[in-house]
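A, B, ... follow the sequence lines: proteins, then strands. Residue 1 opens every chain.
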Amino acid sequence: MSTVPIESLLHHSHLRHNSKIYRGTRSFFIPCSLNLPSHFTSNKLLHSIRTSVGASSKHRRSVAIRASSPDTAVVETSQSDDVIFKQNFPVQRIEKAEGKIYVRLKQVKEKSWELSVGSSIPGKWILHWGVSYVGDTGSEWDQPPEDMRPPGSVAIKDYAIETPLKKLSEGDSFFEVTINLNLESSVAALNFVLKDEETGAWYQHKGRDFKVPLVDDVPDNGNLIGAKKGFGAIGQLSNIPLKQDESSAEVQKKSKSSSDSTKERKSLQEFYEEMPISKCVADDNSVSVTARKCPETSKNIVSIETDLPGDVTVHWGVCKNGSKRWEIPSEPYPEETSLFKNKALRTRLQRKDDGNGSFGLFSLDGNLEGLCFVLKLNENTWLNYRGEDFYVPFLTSSSSLVGTEATEAAQVSKHTPKTDKEVSASGFTDEIITEIRNLAIDIHSHKNQKTNVKEVQENILQEIEKLAAEAYSIFRSTTPTFSEESILEAEAEKPDIKISSGTGSGFEILCQGFNWESHKSGRWYLELQEKADELASLGFTVLWLPPPTESVSPEGYMPKDLYNLNSRYGTIDELKDTVRKFHKVGIKVLGDAVLNHRCAHFKNQNGVWNLFGGRLNWDDRAVVADDPHFQGRGNKSSGDNFHAAPNIDHSQDFVRKDIKEWLCWMMEEVGYDGWRLDFVRGFWGGYVKDYMDASKPYFAVGEYWDSLSYTYGEMDYNQDAHRQRIVDWINATSGATGAFDVTTKGILHTALQKCEYWRLSDPKGKPPGVVGWWPSRAVTFIENHDTGSTQGHWRFPEGKEMQGYAYILTHPGTPAVFFDHIFSDYHPEIAALLSLRNRQKLHCRSEVNIDKSERDVYAAIIDDKVAMKIGPGHYEPPNGSKNWSVAVEGRDYKVWETS
Amino acid sequence: MEVSVIGNPQARICRAELAYRELGFRFGSGESRNRVTFCNQSSKWKEIAIRCSHRSVKCEAIVSDDAPPFLKSAPKPKSLESVKLFVGLPLDTVSDCNNVNHLKAITAGLKALKLLGVEGIELPIFWGVVEKEAAGRYEWSGYLAVAEIVKQVGLKLHASLSFHGSKHPEIGLPDWVAKIGDTEPGIYFTDRYGQQYKDCLSFAVDDVPVLGGKTPMEVYRGFCDSFKSAFSDYMGNTITGITLGLGPDGELRYPSHQHDVKRSGAGEFQCYDKHMLSALKAYAESTGNPLWGLRGPHDAPAYDQQPNSSSFFSDGGSWESQYGDFFLSWYSSLLSSHADRVLSVASSAFSGIGVPLCGKLPLLHQWHKLRSQPSELTAGFYSSNGQDRYEAIAEIFAKNSCRMIIPGMDLSDEHQSPESLSSPESLLTHIKTSCKKQGVVVSGQNSSTPVPGGFERIVENLKDGNVGIDLFTYQRMGALFFSPEHFHAFTVFVRNLSQFELSSDDKAADVEDETVSIGSGTGAPSLRTA
């Protein structure tokens with residue numbers, strides 16, 4: 001007997017122990033001792049119990065490990081007077097079926113080949129497939145030509161086909177589908193995955209699609225099957241626990257050189273490959289327990305009935321004194337009872353006459369508190385109740401508790417390691433309870449190491465802080481009464497302590513290295529490389545690259561397979577080259593990470609796109625539940641929804657783990673130094689902190705873009721609420737990232753356009769944007785690929801861009817310059833401002849003193865060494881001890897520096 | 001091998017449970033604690049002994065290793081250990097459309113509190129939300145949803161049945177009651193200017209069938225019955241306490257300040273509604289002074305006037321006269337009989353469910369240093385012949401087996417403005433002593449807005465061994481509560497509570513001279529070792 005099942009039992013009892021304590025302490029118990037009076041084996045009782053069990057326990061075959069609906073009717077009510085406990089525990093035995101998937105390519109006759117895919121396990125198998133045509137790059141699928149589709153096929157959007165597998169013949173356990181290949185078409189390869197609609201499981205090949213090459217030069221991503229790959233092709237099937245590894249896998253390969261079909265396909269060879277799979281099938285049974293109090297003898301009579309097949313042994317003990325410790329009651333014991341190592345009793349249940357299950361009666365002394373038991377089916381199979389011992393409390397009164405407890409499926413652990421913690425309807429409580437327990441387990445396992453205890457304690461405190469911050473941010477957004485002072489205080493306390501966290505050196509100047517059209521050439525990375533030296537000499541320190549992943553939209557903001565970094569901007573190798581090149585000239589590189597949403601690969605059974613493929617083959621649990629378009633099974637979104645694609649549920653542990661891994665991989669593989677985070681309004685900032693802690697970026701900035709406030713079409717002077725939302729978000733990340741200062745851009749718009757320069761000073765004489773409140777986290781900008789470029793969603797007032805740059809490049813915050821502006825007529829002026837900023841060592845925390853903010857002019861002095869004015873009005877820096885000289889000058893702006 | 005299947009799960013449970021204890025966090029075995037703390041002291045000792053014994057050898061190992069002091073465990077009986085901490089949910093947790101407001105925030109907040117070791121949550125349940133539409137039509141869904149969340153997070157729930165309205169946030173009495181009030185203004189408290197206080201029914205109508213043929217007491221009874229049946233699944237397990245609203249803001253008092261938030265004066269008598277006046281008249285006639293029953297005191301100061309500015313409350317003023325005694329006795333008798341009515345209605349409605357009932361008193365500490373103690377008089381606390389006015393109230397509580405909630409445990413004399421002649425500390429001591437005499441169990445609350453030094457003061461109050469306070473409810477969850485500054489202070493407060501208990505462990509387990517500081521430091525004399 002291996003230790004695996006024990007471990008998993010332990011694991012479960014651990015996870016569940018809270019509720020156990022709960023149940024145990026709620027009830028009053030009365031003590032008792034054991035006896036087996038004959039009059040209680042009366043036919044009447046047995047009969048009634050048997051009937052009820054027969055009615056409630058349908059032997060069902062169902063799938064997955066979800067709780068089955070609770071059965072309530074257990075015992076006839078006619079005798080419930082003295083019934084003190086009755087409960088029907090649904091139990092599931094998970095049976096693992098093992099079998100194989102096979103793929104066979106066969107030549108039927110000259111120029112006629114067929115591909116068969118089959119499975120030896122029963123199920124509702126669907127082949128989900130598509131083809132690649134000659135000349136296709138990337139991993140996208142296309143639909144096969146009409147004549148290749150077997151009857152019964154259903155087209156899935158425009159790239160895939162679903163064909164059900166059919167039983168080869170009645171009585172045969174094999175399921176198979178055969179596709180007649182059309183070799184006249186330019187199909188280069190056939191891609192597929194297998195889906196079992198019964199369990200919802202997807203079967204892939206080495207974490208990717210199965211790919212059967214039909215021509216020679218199909219790029220090999222390690223997932224090819226057949227012909228050229230031979231034995232190496234058989235690998236891990238992703239969704240299933242795999243017992244054998246490839247060395248023992250049964251592989252047959254008949255390769256017979258196919259004579260001479262067509263020239264380009266001359267190497268097409270017949271093959272046959274098998275891969276082992278297993279599938280877990282749950283059997284629903286039930287155990288019903290009734291405890292009655294015998295009025296004459298004051299004994300507790302417990303009857304246990306089950307429809308579990310085969311011999312069932314009850315392994316039991318009794319409880320006294322409020323503890324759940326197993327104790328051996330005094331004799332006599334029921335028939336077929338043996339003492340097991342002085343710790344428990346074992347009683348084999350009697351088989352029922354009709355052969356459907358077994359039953360047993362236990363008579364216990366009236367002063368005992370309860371009966372604990374587990375069931376043993378065979379040497380390796382133990383059955384407990386949701387990870388705990390079954391427990392039958394003997395109450396003092398037969399009042400409220402009888403049968404009220406909701407029953408959930410008990411689980412059987414067999415050899416199969418526990419699949420995973422299935423998230424139940426009460427998702428969030430499970431989550432917290434698991435959290436608490438995990439922490440407790442940690443504590444336990446490190447109990448002798450002081451440091452670790454401390455660490456764990458810190459973890460708890462951090463968790464508490466995180467939750468409190470979340471509660472705070474939501475409460476606060478609904479209670480707009482918070483005064484500004486406290487924010488300023490909070491700011492003063494928090495941010496500037498950890499300068500290193502995602503804010504760079506403080507002297508950073510950002511260049512947005514693309515616009516909305518950059519994908520068009522297909523070689524943007526290469527084009528950008530050529531500009532590296534120039535950007536470095538201009539004085540930029542950080543470059544923001546476009547989103548690198550495979551994307552449904554060419555610009556990259558609709559990512560699909562996060563691990564596929566071949567995009568319209570270039571290949572992964574070109575990307576790496578580019579990063580290397582910029583590093584060489586001293587520029588750090590930011591990756592554009594789209595974490596809010598992700599485009600799905602597949603549809604679910606309702607035809608909704610919410611199943612993912614690629615290395616991160618998440619299912620619909622990764623999708624937030626509150627967007628009806630995508631039918632996610634995750635939790636509700638922690639932020640706003642982006643409606644064009646499934647929004648990722650960051651509250652799922654597996655999602656966060658995968659994203660952290662991905663970010664770290666991007667750091668490692670590509671060499672990124674930090675992140676520009678797309679649409680961070682869509683999820684809670686606390687998760688971003690998590691990601692930043694994991695990937696440790698040198699610099700990070702999030703796009704939190706929502707609308708400023710207007711009254712009757714006129715922008716409000718006070719935009720505190722707007723910047724507050726951005727500051728709240730930064731706060732939620734614990735200051736681990738900065739955010740684009742949308743507020744400043746918006747106010748600049750109105751100030752410049754309407755000649756209302758007074759807007760540029762808030763009531764406290766500070767800059768009115770995020771930069772006025774939390775400069776070290778504000779990334780100021782005047783234009784980006786969305787607001788400007790060819791989209792122009794919110795374009796900066798035309799012709800006034802240089803005033804904008806004169807403002808952001810002299811002011812605190814980290815300025816970002818848009819690519820289009822650098823390579824335009826503004827080039828010399830921007831270059832001069834950049835050079836001034838670097839020369840005077842202005843930085844994100846520089847001090848700004850607003851000297852003038854009137855209708856037509858705004859002027860400020862920064863760090864006592866740079867003076868600037870924008871607007872048509874007149875301004876000269878004060879003549880004092882300082883010697884001001886003009887550094888840059890242009891239309892409606894002027895900048896001075898001290899010499 | 002097979003033994004381990006059976007034996008280990010339990011061993012693991014014990015250890016895990018112990019691990020919780022190690023951190024001074026309280027969960028896991030909350031139920032047994034509840035049961036115990038409502039019993040007397042001696043049974044508690046017994047319970048603890050039992051708990052230790054079934055906790056197997058493993059716990060010894062943990063106790064004996066040298067973890068940092070505050071991580072140590074092994075529960076020992078001692079005053080703070082038995083204090084269970086509750087936190088109040090926002091007043092507008094359930095909107096008047098029966099939606100749960102700030103659901104996400106509350107959920108996250110509850111998790112945080114659970115991790116922090118808070119025992120439970122106080123939930124204000126408003127009459128005006130549940131029975132909003134029509135008499136007898138109860139809509140519990142919003143509150144049931146909250147109860148379910150609380151249950152699932154594993155916290156306890158203390159339900160406060162509120163028969164009053166609130167201004168911030170605005171929650172009124174039920175619509176149908178307000179409608180009756182429009183045509184029958186006499187159901188509301190009224191001051192001498194004719195201003196009505198519409199957030200609570202007048203005590204004088206308690207037994208008058210003003211609500212569509214029913215008396216308010218009958219309506220309250222129906223409300224309690226409906227609550228009991230709607231929440232029957234939670235009674236005794238999740239719900240471990242029920243507070244009955246006794247007046248404005250749930251407190252047993254007259255709305256003597258109406259909505260005057262500044263409370264600069266002593267408040268005014270609220271005896272000018274139709275029913276009050278006729279009761280006064282009848283009382284005056286029955287005592288042989290019919291002229292005294294025509295109106296309230298003519299020489300009482302106005303809301304914003306100093307108590308001494310007119311003659312009623314001044315030394316030797318009307319309050320000490322025979323008239324004063326007549327009026328104040330009558331005025332306060334309505335208050336105490338109201339308390340008695342509500343509490344006995346509730347104790348009969350909730351008899352047999354094993355959930356303790358509570359009522360809340362105000363802490364009327366302003367002007368407490370004046371001989372007349374005018375704030376208490378206008379609010380209805382008076383006793384003639386120098387008897388203890390709070391003891392009379394406590395007696396009513398004792399009679400109905402109710403616990404008493406006293407707020408303002410965070411207030412200290414030194415932070416009161418000297419002009420207000422206020423003394424929260426001495427008033428609190430007074431009420432606690434009265435309760436002790438009558439055997440009424442006291443629960444604590446803070447005042448609703450944070451005050452400087454509040455947490456330290458609470459800890460001191462809880463440490464006071466004279467009156468064992470075993471339950472403290474901190475008011476109230478919301479943006480301010482979770483603001484970084486405040487929440488940090490709250491965390492420290494919670495830790496101070498547990499540090500207190502653990503530090504004396506330390507002494508027991510020796511560690512020589514190493515004293516562990518105990519939060520405030522001022523309460524050293526009352527520090528009791530096991």
**Complete:** On a heavy-atom basis, the closest approach of Ala105(B) and Ala471(A) is O-CB, 3.4 Å
**Complete:** Sequence neighbours excluded, the answer for side-chain contact (heavy atoms from CB on, under 4.5 Å) partners of Ala468(A) is Phe482(B), Phe487(B)
**Value rounded to 0.5 Å, distance of CD in Glu485(B) from OH in Tyr472(A)** = 8.5 Å
**Item:** Residue list, salt bridge (charged side-chain N to carboxylate O under 4.0 Å, His left out) with Glu122(B), at least two apart or on another chain
**Value:** Arg476(B)
**Item:** Closest approach of Ile464(A) to Leu115(B) (non-hydrogen atoms, all atoms of both residues)
**Value:** CG1-CB, 3.4 Å
**Nearest-0.5 Å distance, NZ of residue Lys466(A) to NZ of residue Lys111(B)** = 8.5 Å
**Item:** Spacing of Glu470(A) atom CD and Lys104(B) atom NZ [to the nearest 0.5 Å]
**Value:** 8.0 Å
